[in-house]
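Okay, so here's the structure we're looking at.
Computed from heavy atoms alone, side chains included, the values below leave out hydrogens, waters and symmetry copies. Order of listing sets the numbers, starting from 1, for every ligand and every atom in it. Model, not experiment: these values are computed from the prediction.
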Amino acid sequence: MTQVVLRHIDLSYQSVPVLRDVNLTVEAGQFCVFIGPSGCGKSSLLRLIAGLENPTGGSIALDGAIINHVAPAERNLAMVFQNYALYPHMSVYDNMAFGLQRKGLPRVDIDRRVAEASRILQLDALLARKPGALSGGQRQRVAIGRAIVKQPKVFLFDEPLSNLDASLRAQTRLEIARLHRDLHSASMIYVTHDQVEAMTLADQVVLLRPAAEPGGGSSVAQAGSPLDLYHHPANLFAARFMGSPTMNLLPATVLAPDTGAVALRVLGQRCAAGVEPHGLEAGQPVTIGIRPEHIELGSGPWRGTVVHVEALGEHCHVHVCHDDRSPPLIAKTVDETVRMGDMLPFDFPAQTIHLFDASGQAHRRLRTR
Ligand SMILES: Nc1ncnc2c1ncn2[C@@H]1O[C@H](COP(=O)(O)OP(=O)(O)OP(=O)(O)O)[C@@H](O)[C@H]1O
Ligand SMILES: [Mg+2]
């Protein structure tokens with residue numbers, strides 16, 4: 001089991017900052033997922049840990065030992081890329097065995113490790129095939145097998161499923177979760193765009209945020225368990241990033257920052273938010289957030305017109321327009337009778353409201369979930 005600690009990591013490419021003051025800890029045996037918008041530096045962060053890039057500043061430690069100057073091959077990490085990078089002229093067996101043969105491991109050990117990896121990944125029947133005769137999912141399993149046989153301290157995955165179609169992605173996602181359970185000593189760091197992968201695989205999600213101004217470099221917007229990021233986004237960036245459809249955000253004014261429930265004016269009505277009132281003052285403009293599944297349709301002080309309905313079978317996304325000045329709110333409901341043009345009352349339950357101050361920082365919600 002290996003702990004990975006990054007402290008004050010800066011990275012620039014040709015003096016253009018990409019990462020700035022990134023701090024994070026991946027605990028031994030943890031499944032950590034890096035997520036964030038395209039180009040925010042997720043792959044770069046993984047490559048830094050692998051030793052394929054050198055940080056401009058800061059330190060990377062494995063189990064307390066700084067490895068900034070340790071060569072990639074000496075770090076005992078294994079990286080699995082999006083584009084499998086298999087040797088086309090070698091069999092599945094040889095693709096997995098090659099790295100071990102080069103290290104000079106005894107044949108019997110190589111056979112044992114390849115057999116173990118192919119059992120875990122259900123590749124036994126394919127060992128003699130060449131990559132050209134495999135499906136995308138099977139090739140990705142070989143690439144993962146090549147990492148497993150190295151018995152690395154840490155697995156690094158860079159969007160390993162993004163070349164696969166939707167059903168294969170779901171299946172391989174389960175396989176990776178099972179792999180993490182089976183190899184219980186392995187720490188895994190996994191980069192993805194896919195929120196479902198982040199939510200379902202991670203013990204810890206690390207959300208990266210690009211700097212507000214160009215050239216500033218990305219930093220960590222929030223790190224925590226998937227449900228913590230979903231239910232307690234620390235800032236507007238995390239609130240907007242996690243969840244689909246995204247959280248509804250509305251301007252509001254603080255009326256009374258009372259303990260227990262902060263009184264607010266939202267879309268012309270008074271309402272209460274169950275959030276930590278510390279630092280709020282009457283008259284202060286804030287932003288409130290409410291997830292689509294928390295808007296109650298059918299009762300409440302607000303009224304709006306349904307301007308669009310997306311019926312997905314398991315539930316519907318109902319777009320409700322309160323007035324001409326505000327964008328429609330999106331509510332999730334299982335009620336399939338809602339129609340375009342309906343005029344509906346709606347409500348924001350106090351315990352489901354998120355509140356963000358002018359700098360975008362969240363006030364902690366009082367009820368923990
Ligand atoms: N070798 C390089 N030289 C110069 N700039 C680079 C280099 N590699 C990456 N970059 C830049 O660094 C930034 C971060 O790239 P990176 O690939 O780490 O992002 P990412 O979060 O993995 O993006 P994606 O989600 O699209 O894969 C991008 O602006 C990219 O253009
Ligand atoms: Mg990338």
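In this structure, atom 31 (O) of ligand 1 is not in close contact with the protein, since no protein heavy atom lies within 4.0 Å of it.
Within 6.0 Å of the CZ atom in Arg7, the count of heavy atoms belonging to other residues, nucleotides or ligands does not exceed 12. Remark: Arg20 CZ is loosely packed, at most 12 non-hydrogen atoms of other residues, nucleotides or ligands lying under 6.0 Å away. When the shell of 6.0 Å around CD of Glu293 is examined, it contains more than 12 heavy atoms from other residues, nucleotides or ligands. In the displayed structure, Arg112 atom CZ is contacted under 6.0 Å by more than 12 heavy atoms of other residues, nucleotides or ligands.
Ligand 1 places these atoms under 4.0 Å from at least one heavy atom of Glu159: 25 (O), 27 (O). The ligand atoms of ligand 1 that sit less than 4.0 angstrom from a heavy atom of Gly41 are 14 (C), 16 (P), 18 (O), 19 (O), 20 (P), 21 (O). Within ligand 1, the atoms closer than 4.0 Å to a non-hydrogen atom of Gln14 are 3 (N), 4 (C), numbered from 1 in the order shown. Set against the non-hydrogen atoms of Ser44, the atoms of ligand 1 under 4.0 Å away are 14 (C), 15 (O), 16 (P), 18 (O).
Only protein N, O or S atoms were scored, and 1 of them lie under 2.8 Å from the Mg ion (ligand 2).
Val5 and Ile60 end up in different hydrophobic clusters when Ile, Leu, Val, Met, Phe, Trp and Tyr side chains are linked at under 4.5 Å. At a threshold of 4.5 Å between side-chain heavy atoms, the hydrophobic network of Ile, Leu, Val, Met, Phe, Trp and Tyr places Met79 and Leu86 in two separate groups.
Taking any N or O of Gly39, backbone or side chain, at least one lies under 3.5 Å from an N or O belonging to ligand 1. Geometrically, ligand 1 and Glu53 share no nitrogen or oxygen pair separated by less than 3.5 Å.
Side-chain contact check for Ser43 and Asp158: at least one donor-acceptor pair (N or O, by modelled atom type) lies under 3.5 Å. Side-chain contact, Asp124 with Ser118: a donor N or O sits under 3.5 Å from an acceptor N or O. For the residue pair Asp335 and Thr333, no side-chain donor N or O sits within less than 3.5 Å of a side-chain acceptor on the partner.
Looking only at heavy atoms of the protein, atom 26 (O) of ligand 1 is closest to Ser38 OG, 2.5 Å. With hydrogens left out, the protein atom closest to atom 5 (N) of ligand 1 is Tyr13 CD1, 3.3 Å, a heavy atom. In terms of protein heavy atoms, atom 25 (O) of ligand 1 is closest to Lys42 NZ, 2.7 Å.
Ring pair Phe348/Phe346 is tilted by interplanar angle, where 30° to 60° counts as tilted.
Taking the six-membered ring where the residue is Trp, the centroids of Phe34 and Tyr190 are separated by 6.0 Å or more.
Proximity of Cys40 to ligand 1 is established by a heavy-atom distance of less than 4.0 Å.
Other members of the hydrophobic cluster containing Tyr230, listed by chain and number, are Ile35, Met199, Val205, Leu207, Leu227, Leu229, Phe237, Phe241, Met242; membership follows side-chain contacts under 4.5 Å among ILVMFWY residues, whether direct or relayed.
The proximity of Arg47 to ligand 1, defined as any non-hydrogen pair under 4.0 Å, does not occur for either the backbone or the side chain.
The heavy atom nearest to atom 22 (O) of ligand 1, considering only Pro37, Ser43, Ser218, Gly36, is found in Ser43.
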